[in-house]
Amino acid sequence: SSGLGAALARHYARRRCALSLFGRDEERLEETARDCRAAGAVVVSYACDLRDGCGAARQLVAADLHAPVDVLLANAGVGGARALARGAGETVEQARALVDNNLLTVINTVAPLAPRMAARGDGQIVLMGSIAGLVGLPHAPVYCAAKSAVHLYGEALRRRLHGSGVGVTVVCPGFVDTPMSASLPTARPFLWSADRAAARIAAALEKRRRVLIFPWQLRWAVAAARLLPAALVDRLIAASNVEAAA
């Protein structure tokens, strides 16, 4: 209902897709739905807290019965200033909220619909990770861990669904210009607009890409971090001005 999720909804609305939109904030969800309808899409919106696994499952199955899902975008999550650690690290309460919002919401979105899509023998599941899930950042350890888990979940799920006709794409964006990332008290290098990011993701899905990492500058930085000695990477990241990732 905001940020990259809303940008993706608007992108597919312009293609006259039928959309089933989920979000916690009814007002923002309805605003996004109105924009999508104005663009020519058929839209049904579901006010739903994806942290509630049982409640989410009921609504997701209802949406699939109404209009069978062929592209499932699991995009729920929180970050920005809310993901930043203080002192020696996140509190237990903050850690639980970050895992609930960034990992369990993804699983709660995918688990009810993956078997139904596999039974139909077609579709694409898209999991929204982050470049922060590919490299440990000192100012957001739990956020990095949750996004890393999303990446591994997607990788395992892709192999689980191999041969079913259902593809799985893990998207790992860098900084995207959304209200969430705008809350960060730091610079956001190589910032992309939400519309640009949505178009890039949609293009990757058309090719059924397994993994999408952008922008290229941060993708190469992550690759370099994996090749350099850990002690050197620790010093470089600790000394950098990058305190959080999208």
Could you state whether L228 and L134 fall into the same hydrophobic cluster, counting links through intermediate Ile, Leu, Val, Met, Phe, Trp or Tyr residues with side-chain heavy atoms under 4.5 angstrom apart? yes
Provide the closest heavy-atom pair for S148 versus G133 in the form atom of the first, atom of the second, distance. CB-O, 3.3 Å
Taking every non-hydrogen atom, the tightest pair across S45 and R37: OG-NH2, 4.5 Å
Shortest non-hydrogen contact from L19 toward A41: CD1-CB, 4.2 Å
Side chains of L127 and T169 in contact at under 4.5 Å (non-hydrogen atoms): no
List for me each residue that meets ring-ring contact (aromatic ring centres under 6.0 Å, His included) alongside Y46, sequence neighbours excluded, and say none if there are none. F22
Please determine whether a side-chain nitrogen of the Lys or Arg among E31 and R10 lies less than 4.0 Å from a carboxylate oxygen of the Asp or Glu. no
Are there more than 12 heavy atoms of other residues, nucleotides or ligands under 6.0 Å from atom CZ of R82? no
Drop me the distance from K207's NZ to L212's CG, to the nearest 0.5 angstrom. 10.0 Å
Rounded distance (nearest 0.5 Å) linking atom OG of S1 with atom CD of E27: 10.5 Å
Shortest non-hydrogen contact from F214 toward I131: O-CD1, 3.4 Å
Walk me through it: do R24 and D52 pass the test salt bridge (Lys or Arg N to Asp or Glu O under 4.0 Å)? CA-CA 11 Å; R24 284 195 303 247; D52 174 10; over 6 Å; no
Among side-chain atoms of R15 and H11, is any donor-acceptor pair under 3.5 angstrom? yes
V43 to L21 - nearest heavy-atom pair and separation: CG1-CD1, 3.8 Å
Do D70 and R120 meet the salt-bridge criterion of a basic N to acidic O distance under 4.0 Å? no
Within a radius of less than 6.0 Å around CD of Q217, do more than 12 heavy atoms belonging to other residues, nucleotides or ligands occur? yes
Nearest 0.5 Å please: distance from the OG1 atom of T109 over to the CG atom of L50. 4.0 Å
So if you build clusters from Ile, Leu, Val, Met, Phe, Trp, Tyr with side-chain heavy-atom gaps below 4.5 Å, do L137 and L152 land together? no
Around R58, counting heavy atoms of other residues, nucleotides and ligands shown, do more than 12 lie under 6.0 Å from its CZ? no
Do you know which two heavy atoms are closest between H151 and C172, and how far apart they sit? ND1-SG, 3.5 Å
Go through the steps to decide whether L184 and L84 satisfy the test side chain to side chain contact (heavy atoms under 4.5 Å, CB included), and finish with yes or no. CA-CA 9 Å; L184 290 167; L84 298 181; 4.1 Å; yes
Same apolar cluster: V135 and F190, side chain cutoff 4.5 Å: yes
N-O pairing of R51 and D100 below 4.0 Å: no
Determine, for E155 against R160, whether the closest basic-nitrogen to carboxylate-oxygen distance falls under 4.0 angstrom. no
